[in-house]
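Let me begin by presenting the structure, written as structure tokens, before commenting on it.
Residue numbers start at 1 and run along the sequence shown. All values derive from a computational prediction rather than experimental measurement.
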Amino acid sequence: CNPPPWGTLAAVDLRTGEKKWDFKMTDVTDSGVLTTGSDLVFAGGREGYFFALDARTGKALWTFNTGQQITAQPITYTVDGKQYVAIANGSNVIAFGLFE
């Protein structure tokens with residue numbers, strides 16, 4: 001029997017071990033996951049989508065098709081008081097400004 005053709009990003013309460021939510025993906029991910037202090041979760045997958053989730057609910061807030069597999073952990077940084085999130089895919093680095 002073959003496994004289902006999808007991957008899952010899940011949030012678990014570390015105190016209780018209870019699963020809070022899961023987000024089904026088209027495929028598994030080779031990238032890491034980044035959670036911000038403003039309750040955003042950023043991740044990407046083999047199919048090339050980079051996305052943001054609500055850290056409390058797992059609800060998809062935003063998705064961007066990068067055109068290539070996501071192969072690295074997202075990072076966040078600040079320039080002149082504005083926060084950005086960046087991701088490497090293929091030979092590119094893509095950065096996005098976050099709303100306040």
Side-chain angles (χ1 to χ4, degrees):
C1 180
N2 292 331
W6 45 266
T8 300
L9 178 63
V12 177
D13 184 323
L14 295 179
R15 289 173 284 205
T16 66
E18 174 189 1
K19 182 168 37 169
K20 294 296 189 179
W21 53 260
D22 58 5
F23 177 78
K24 284 191 178 178
M25 299 170 55
T26 305
D27 199 347
V28 298
T29 182
D30 292 326
S31 77
V33 177
L34 170 72
T35 304
T36 69
S38 58
D39 290 324
L40 295 174
V41 173
F42 290 96
R46 289 181 178 172
E47 71 284 352
Y49 290 101
F50 183 50
F51 53 87
L53 307 175
D54 182 309
R56 294 182 181 161
T57 65
K59 177 184 174 192
L61 302 173
W62 172 83
T63 302
F64 180 81
N65 185 346
T66 68
Q68 295 182 25
Q69 178 177 342
I70 305 297
T71 56
Q73 169 133 355
I75 64 164
T76 186
Y77 60 94
T78 303
V79 175
D80 295 330
K82 182 160 177 65
Q83 186 176 12
Y84 297 85
V85 63
I87 190 72
N89 74 316
S91 60
N92 303 311
V93 175
I94 302 172
F96 300 91
L98 300 182
F99 291 108
E100 297 182 25

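- The number of heavy-atom neighbours closer than 6.0 Å to CZ of Phe51, taken from other residues, nucleotides and ligands shown, is above 12.
- For the side-chain hydrogen bond (donor to acceptor under 3.5 Å, both in side chains) condition, the pairs that include at least one residue of residues 85-96, sequence neighbours left out, are Thr66-Asn89.
- When the salt bridge (Lys or Arg N to Asp or Glu O under 4.0 Å) test is applied to Asp39, the partners found at least two apart in sequence or on another chain are Arg56.
- Under the rule for a side chain to side chain contact (heavy atoms under 4.5 Å, CB included), the partners of Val93 that lie at least two apart in sequence or sit in another chain are Ala86, Ala88.
- Atoms CD1 and CZ, from Ile70 and Phe42 in turn, are 12.5 Å apart once rounded to the nearest 0.5 Å.
- With sequence neighbours excluded, the residues forming a side chain to side chain donor-acceptor pair (under 3.5 Å) with Ser38 are Thr36, listed by chain and number.
- In this structure, Thr57 contributes its side chain and Lys59 its backbone to a donor-acceptor pair below 3.5 Å.
- Closest approach of Ala72 and Ser31 over heavy atoms only: O-CB, 3.1 Å.
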Donor-acceptor pairs are to be reported for all side-chain atoms of residues 18-25 against protein atoms at under 3.5 Å, with residues two or more places apart or in another chain.
{"from": "Lys19", "atom 1": "NZ", "to": "Asp22", "atom 2": "OD2", "distance (Å)": "3.3"}
{"from": "Trp21", "atom 1": "NE1", "to": "Ala55", "atom 2": "O", "distance (Å)": "3.0"}

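- The ring pair (Phe, Tyr, Trp, His ring centres under 6.0 Å) check on Trp62 picks up Phe50, Phe96, with sequence neighbours excluded.
- Of the inter-residue distances, the one linking Leu53 atom CG with Leu61 atom CG reads 6.5 Å to the nearest 0.5 angstrom.
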Identify each donor-acceptor pair in which a side-chain atom of residues 73-80 lies under 3.5 Å from a protein atom, sequence neighbours left out, and give them as a table.
{"from": "Gln73", "atom 1": "NE2", "to": "Val33", "atom 2": "O", "distance (Å)": "3.1"}
{"from": "Thr76", "atom 1": "OG1", "to": "Gln83", "atom 2": "NE2", "distance (Å)": "2.7"}
{"from": "Thr76", "atom 1": "OG1", "to": "Tyr84", "atom 2": "O", "distance (Å)": "2.8"}

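- The closest side-chain heavy-atom distance from Val85 to Leu98 is below 4.5 Å.
- Rounded to the nearest 0.5 Å, atoms CG (Asp54) and CG (Leu40) are 7.5 Å apart.
- Residue pairs satisfying the salt bridge (Lys or Arg N to Asp or Glu O under 4.0 Å) criterion with at least one member in residues 87-98, sequence neighbours excluded, are absent.
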